[in-house]
Amino acid sequence: MTELMGVVNVTPDSFSDGGLYLDPEAAIAHGRELAAAGAEILDVGGESTRPGADPVGEEEELRRVVPVIRGLSGSRSRISVDTSKAAVAADALDAGAEIVNDVTALRGDPEMAGLCAERGATVVLMHMLGEPRTMQEDPRYEDVVDAVKAFLAERLEAAVAAGVAEERVWLDPGIGFGKTGAHNMELLRRLGELCELGRPLVVGTSRKSFIGRVDGSPADQRLGGTIASSVLAAAEGADVLRVHDVAEMRQALAVATAVLG
Ligand code: HH2
């Protein structure tokens, strides 16, 4: 069954919901709502990775995410921390997280792989070309699916070499991370090729700008495009869908599953 990872952004500047849940109580209430709506996983993040975003210091990121994870631990959803810093991941794991969602695929902090290995965390390894500040400046690939697949295979191997159990690794093509609209479409259309890597696939299309490029919609009006792309991704083999709108996505998936049998 496809699982839903609900997004809890404790940031002032996330591209679609920045500032809405910066207060820990508001973030905890939002996370509880997503859990009640059927999110199997809650992904708590304290640093925006939108194109052009400025990096956040370790202290500030800890201050944002740890109280929220503590407040959500014990709910029926598993908790994931969206960070590329080992110190943040360590405290998040102590506070009740069990998944580390690292958009740098363990390349951002030399301590991250060892920490995840030692703590037995599940790790999401995501593809990104370049870094958030510059990743959307003219990204190019000979074949985007082949490039992402080779990258994810290499990062999976690196994680295992660092002691992370292979069965604890999930992979993610990184929709919108150093990709044009056409690259994102091709990745979604050929997602099945990434399933050949043999690990669960996480896909995050939620509210992203490739949807806006199709119909001109702003970030807060991309629910239809999020649902269409996520259902298609699930049909192509995605195991986990990272979304902001859990209730609507849960219903869409239930209907898609009922139709397909
Ligand atoms: N997308 C975003 C952040 N983290 N993690 C994974 N594994 N996959 C994704 O596609 C992904 C991710 C961007 O979305 P959001 O968190 O809403 O925005 P921001 O980075 O501006 O906070």
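Numbering of ligands and ligand atoms starts at 1, following listing order.
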**Student:** For the 3.5 Å polar cut-off, considering only N or O atoms, please tell me whether Asp172 and ligand 1 meet it.
**Tutor:** yes
**Student:** For residues 149-162, run the donor-acceptor check on the side chains, cut-off 3.5 Å, and write out each pair with its distance to 0.1 Å, sequence neighbours left out.
**Tutor:**
{"from": "Lys149", "atom 1": "NZ", "to": "Glu193", "atom 2": "O", "distance (Å)": "3.4"}
{"from": "Lys149", "atom 1": "NZ", "to": "Glu196", "atom 2": "OE1", "distance (Å)": "2.5"}
{"from": "Arg155", "atom 1": "NE", "to": "Ala105", "atom 2": "O", "distance (Å)": "2.9"}
{"from": "Arg155", "atom 1": "NH2", "to": "Ala105", "atom 2": "O", "distance (Å)": "3.1"}

**Student:** Polar contacts were defined as any N/O atom of the residue lying under 3.5 Å from an N/O atom of the ligand; does this apply to His244 and ligand 1?
**Tutor:** yes
**Student:** Is it true that Asp94 and Arg119 have a side-chain N and a carboxylate O under 4.0 angstrom from each other?
**Tutor:** yes
**Student:** Does Met5 have a heavy atom less than 4.0 Å from any atom of ligand 1?
**Tutor:** no
**Student:** Any chance you could lay out the salt bridge (Lys or Arg N to Asp or Glu O under 4.0 Å) test for Arg63 and Glu59, step after step, and finish with the verdict?
**Tutor:** CA-CA 6 Å; Arg63 209 178 56 75; Glu59 284 303 310; over 6 Å; no
**Student:** Would Arg222 and Asp245 count as a salt bridge (Lys or Arg N to Asp or Glu O under 4.0 Å) if you check the C-alpha gap in whole Å, the side-chain angles of each, and the deciding distance to 0.1 Å?
**Tutor:** CA-CA 10 Å; Arg222 294 177 184 157; Asp245 303 284; over 6 Å; no
**Student:** Identify, for atom 9 (C) of ligand 1, the protein heavy atom at the shortest distance, and state residue, atom and that distance.
**Tutor:** Lys208 NZ, 3.6 Å
**Student:** Take every heavy atom of Arg207, measure it against each atom of ligand 1, and state whether any distance is under 4.0 Å.
**Tutor:** no
**Student:** Hey, which atoms in ligand 1 end up nearer than 4.0 Å to a heavy atom of Val124?
**Tutor:** 7 (N)
**Student:** For Val246 and Leu4, work out which heavy atoms get closest and say how close.
**Tutor:** O-CD1, 3.9 Å
**Student:** Near Val103, which atoms of ligand 1 are under 4.0 Å from a heavy atom of that residue?
**Tutor:** 4 (N), 5 (N), 12 (C)
**Student:** Does Ser48 reach ligand 1 with a nitrogen or oxygen that is under 3.5 Å from one of the ligand's nitrogen or oxygen atoms?
**Tutor:** yes
**Student:** Show the nearest heavy-atom pair for residues Gly45 and Thr11, with the distance to one decimal.
**Tutor:** O-CG2, 3.9 Å
**Student:** Which heavy atom of Val203 sits nearest a heavy atom of Ala238, and at what distance?
**Tutor:** CG2-CB, 3.8 Å
**Student:** Between Asn101, Ile175, Asp17, flag the one that comes closest to atom 7 (N) of ligand 1 by a heavy atom.
**Tutor:** Asn101
**Student:** Would you say Arg242 and ligand 1 have an N/O pair spaced under 3.5 Å apart?
**Tutor:** yes
**Student:** Grab the two heavy atoms, one from Ala39 and one from Gly6, that are nearest each other, plus how far apart they are.
**Tutor:** CB-N, 4.0 Å
**Student:** Could you tell me whether Asp43 and ligand 1 have an N or O pair separated by under 3.5 Å?
**Tutor:** no
**Student:** Would you mind telling me if ligand 1 is within reach of the side chain of Arg50, the backbone, both or neither, using heavy atoms under 4.0 Å?
**Tutor:** both
**Student:** Can you tell me which residue and heavy atom of the protein come closest to atom 18 (O) of ligand 1, and the distance to 0.1 Å?
**Tutor:** Phe15 CD2, 3.2 Å
**Student:** Pairs under 3.5 angstrom only: tabulate donor-acceptor contacts from the side chains of residues 123-130 to other protein residues two or more places apart or in another chain.
**Tutor:**
{"from": "His127", "atom 1": "ND1", "to": "Lys179", "atom 2": "NZ", "distance (Å)": "2.8"}

**Student:** If you have a sec, work out which protein heavy atom is nearest atom 4 (N) of ligand 1 and how many Å separate them, to one decimal?
**Tutor:** Asp82 OD2, 3.0 Å
**Student:** Within the structure, does Ser14 bring an N/O atom to less than 3.5 angstrom of an N/O atom in ligand 1?
**Tutor:** yes
**Student:** Counting only heavy atoms, which portion of Asn9 has something under 4.0 Å from ligand 1: side chain, backbone, both, or neither?
**Tutor:** side chain
**Student:** Look at Arg168 together with Glu98 and state whether they make a salt bridge at an N to O cut-off of under 4.0 Å.
**Tutor:** no
